[in-house]
Amino acid sequence: MNVLGISGSLRQASYNTMALRAAQKLAPEGMRIEMADIKAIPLYNDDVRAAGFPDSVTQLEARIRAADAVLLVTPEYNFSIPGVLKNTLDWVSRTPAQPFDGKPVAIMGASPGVVGTARVQYHLRQVLLFLNSFTVNKPEVFISQAASKFSPEGELTDAPTAQAITALLVSLQKLKQRLG
Ligand SMILES: Cc1cc2nc3c(=O)[nH]c(=O)nc-3n(C[C@H](O)[C@H](O)[C@H](O)COP(=O)(O)O)c2cc1C
């Protein structure tokens, strides 16, 4: 099973990118997680779209289509979806054969705060509903107080968080099997 992981943070020392890298290592047998980079996606402009999709969007769209499932790992910005991730979803949503349609998707997120991205995850679920994805319902993985759960080198050091990520990936695997 081939999963495409997307981090909703562009910053170098992102906890969410650290969590995605941890997921790569925790992937259950039979699952491989590749990472997509959304740095090159421009700001959505419908005039640009009408003139032709940017290569960065076309390439990402193709990678999402080719993947068996997607793993979105996102920060929470002002209780909602960071602009860079929403912008990426907006671009991909306008591609002719929108690749999130029918795609199994798992969501998780990390925050230095105590709520651990719970609020953004519900906003993301709403967007994915419109895109007709199948999102993993449980477990929900809210990585709170992230500074205490990763080493300075970016390694996940918290066993319960590792267990929760593993459980999420197993649920994603099962959802994919059920959907065929
Ligand atoms: C514009 C902005 C808004 C933020 N709003 C929230 C928020 O609503 N909830 C939260 O838990 N953290 C919030 N934060 C703090 C982020 O969780 C924190 O910067 C986190 O490290 C971002 O994820 P990253 O480490 O993957 O880049 C916000 C940060 C920024 C820059």
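Numbering of ligands and ligand atoms starts at 1, following listing order.
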For the side chain of [X] and the backbone of [Y], is there at least one donor-acceptor N/O pair under 3.5 Å apart?
| X | Y | answer |
| --- | --- | --- |
| S133 | T135 | no |
| T117 | E76 | no |
| N2 | A67 | no |
| Q98 | L131 | yes |

Distance from I143 atom CD1 to Y15 atom OH, nearest 0.5 Å?
->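 Separation between the atoms: 12.0 Å.
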
message: Distance under 4.0 Å to a non-hydrogen atom of R11: what atoms of ligand 1 satisfy this?
response: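 Ligand 1 atoms under the 4.0 Å threshold to R11: 21 (O), 24 (P), 25 (O), 27 (O).
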
* To do: Report, in ascending order of atom number, the atoms of ligand 1 lying under 4.0 Å from any heavy atom of N16.
  =>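 Near N16, meaning under 4.0 Å from one of its heavy atoms, ligand 1 has 23 (O), 24 (P), 26 (O).
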
Taking only non-hydrogen atoms of S111, do any sit less than 4.0 angstrom from ligand 1?
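Yes.
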
Protein heavy-atom partner closest to [atom] - residue, atom, separation in Å:
| atom | result |
| --- | --- |
| atom 20 (C) of ligand 1 | P112 CD, 3.6 Å |
| atom 22 (C) of ligand 1 | P75 CB, 3.8 Å |
| atom 12 (N) of ligand 1 | E76 O, 3.5 Å |

Could you check which of N78, T17, L10 puts a non-hydrogen atom nearest to atom 3 (C) of ligand 1?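 Nearest heavy atom to atom 3 (C) of ligand 1 lies in N78.
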
Single-linkage hydrophobic cluster, 4.5 Å side-chain cutoff, I64 and V127 together: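 Looking at the clustering, V127 is in the same group as I64.
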
Run the side chain to side chain contact (heavy atoms under 4.5 Å, CB included) test against R49 and tell me which residues pass, sequence neighbours left out.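 R49: side chain to side chain contact (heavy atoms under 4.5 Å, CB included) contacts with Y44, D46, F53, W91, R94.
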
Ligand 1 versus S14, non-hydrogen atoms closer than 4.0 Å: side chain, backbone, both, neither?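 Contact part for S14 vs ligand 1: both backbone and side chain.
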
Check your understanding: Does some non-hydrogen atom of the protein lie less than 4.0 angstrom from atom 9 (N) of ligand 1?
Key ->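 So far as the 4.0 Å threshold goes, atom 9 (N) of ligand 1 is in reach of a protein heavy atom.
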
> Going by distance only, is there an N or O of A13 that falls short of 3.5 Å from an N or O of ligand 1?
Replying inline: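 N/O-N/O distance below 3.5 Å does not exist for this pair.
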
